[in-house]
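Atoms within a ligand are numbered from 1 in the order they appear, just like the ligands themselves. The residues of the chain are indexed from 1 along the displayed sequence.
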Amino acid sequence: MKLTRRQILTTGAALALLPRRAFAAMPELVAAESRQQIAPGGYPETAIWSYGGGTPGTEIRVPQGGRVSRRLVNRLPQPTAVHWHGIRIDNTMDGVPGLTQEAVPQGGSFDYDFELPDAGTYWYHSHNRSMEQVARGLYGPLIVDEPKAPDIDRDIVLMLDDWRLDPETAALDGNFDNGHDLSHAGRFGNLLTVNGRFDPAFEVKNGERLRLRLVNAANARVLEVGLDGLEGWIVALDGMPLESPLVVSGAFPLAPAQRADLFVDVTAESGAAASLLSIERDGGYGLCRFDVTGQAAQARRTAPEALPPNPLPEIGDLAAAPLHEMRLQGGAMRWLDSAMLGDTEMGGRELAQLGKFWALNGRADRPEAPFLDAARGSLHRIAFVNETNFDHGMHLHGHHFRLIGANGTPGPWRDTVLVPPGETRQIALVADNPGKWLLHCHMLGHAMSGMTSWFRVA
Ligand SMILES: [Cu+2]
């Protein structure tokens, strides 16, 4: 019997031969212009760009080992792409225009479909003109649940951002390419928000244990995070559980793109408010409030156990691993004398005229040849040597790495490491995920103005 096309499509036997995913409509993630009340009440709304109608974008939450399937639909006035930050992902899904895919044009779409090997707190954000697109609001939370839910009362995602708004109109400052920001610390704002709002409040009870999932979505600001009326532990960094929870005492740094999962107990009394604070030189500012009403049903818990480890590779013999130095160069007060841009050696002044103020090992922007060509499964040490006068948060795509402590032993797993001015940070990387991976500073203005490189795993 010869089937017509129509008969094939309506025949169950034929359908069974086709992958199911071809039929399940892929949920859309629409990137578009929208408006939101970012500034305090009384100010006008701010025109933003967002995923799914607001910033942060739609929360994507999946069980560990599950998949994310989203059709990015671009209704922005610019090409775009989505990077799934911190996911040890298939290279073709990493969302880096010019390296892993073409930017999605206006009106176009791209299907992202990938597996989530690790539980934890991740995020997604634009990786095209990210300096501008992330600042306009193009980011959202990506949460991967542990198979067994930890013993907590509430799970609260807190995406921290730093907006530069006009103090009269609350309009976003649209001067993204200005040389002063690019050559200094980056684009700092004048309004800190949590989940796209100024000083939001959450209702809690005295004695409750909260899981706070902090994500620093700011372009450039390193936050020093503190607690008031809350006591607890850091249980994970950049998504990955710590071997033993770390008591929070005083402030801890959270660089752009970094995450910290906290388990905190509400110690503020009923009727009072607890706070998450940003600690600055002249004091502490409230990022968000926890209004305490009533008492938890159960007595205060004992110290938490570590979260179950993710299936990360074993770090082998560190001493035998080749050491690669990456010197971070340039910026204000340490201006580049010269650097390679593509095949051309250029003077610092010429580079500055092209908006390039930074270099990695003497190269501005992503060079033709990778910084590191790694055999799949091989172990490497990378030393980030910060020769500049500014902080840089160095991020590797497709992999987590272990920070090597001052005593030479492997520390926490991270995907973004903060390297303070004049200091060196060494990491251990098992290059086990094949593909072409970006390696760049996550101060997004720095990345755009020279601090971008890449490595290859084959
Ligand atoms: Cu930087």
Q) Does H442 bring an N, O or S atom to under 2.8 Å of the Cu ion (ligand 1)? A)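 Under 2.8 Å: H442 has no N, O or S contact with the Cu ion (ligand 1).
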I'd like the atom name of the N/O/S atom in H392 lying closest to the Cu ion (ligand 1).
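Of all N, O or S atoms belonging to H392, ND1 is the one nearest the Cu ion (ligand 1).
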Among the N, O or S atoms that H446 has, which is closest to the Cu ion (ligand 1)?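 For H446, the N/O/S atom sitting closest to the Cu ion (ligand 1) is ND1.
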Original post:
Counting only heavy atoms not in N178, do more than 12 sit closer than 6.0 Å to its CG atom?
Top reply: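 Result for CG/N178: enclosed.
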*asked:* For N386 and T388, which I'm curious about, is there any donor-acceptor pair between the side chains at under 3.5 Å?
replied: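 Yes - a donor-acceptor pair under 3.5 Å links their side chains.
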May I have the step-by-step check of salt bridge (charged side-chain N to carboxylate O under 4.0 Å, His left out) for R259 and D415, ending in yes or no? CA-CA 10 Å; R259 286 89 65 213; D415 60 43; 2.8 Å; yes
After noting the C-alpha distance and the side-chain angles of R187 and D181, does the key distance pass the salt bridge (charged side-chain N to carboxylate O under 4.0 Å, His left out) rule? CA-CA 5 Å; R187 179 185 167 101; D181 286 345; 5.3 Å; no
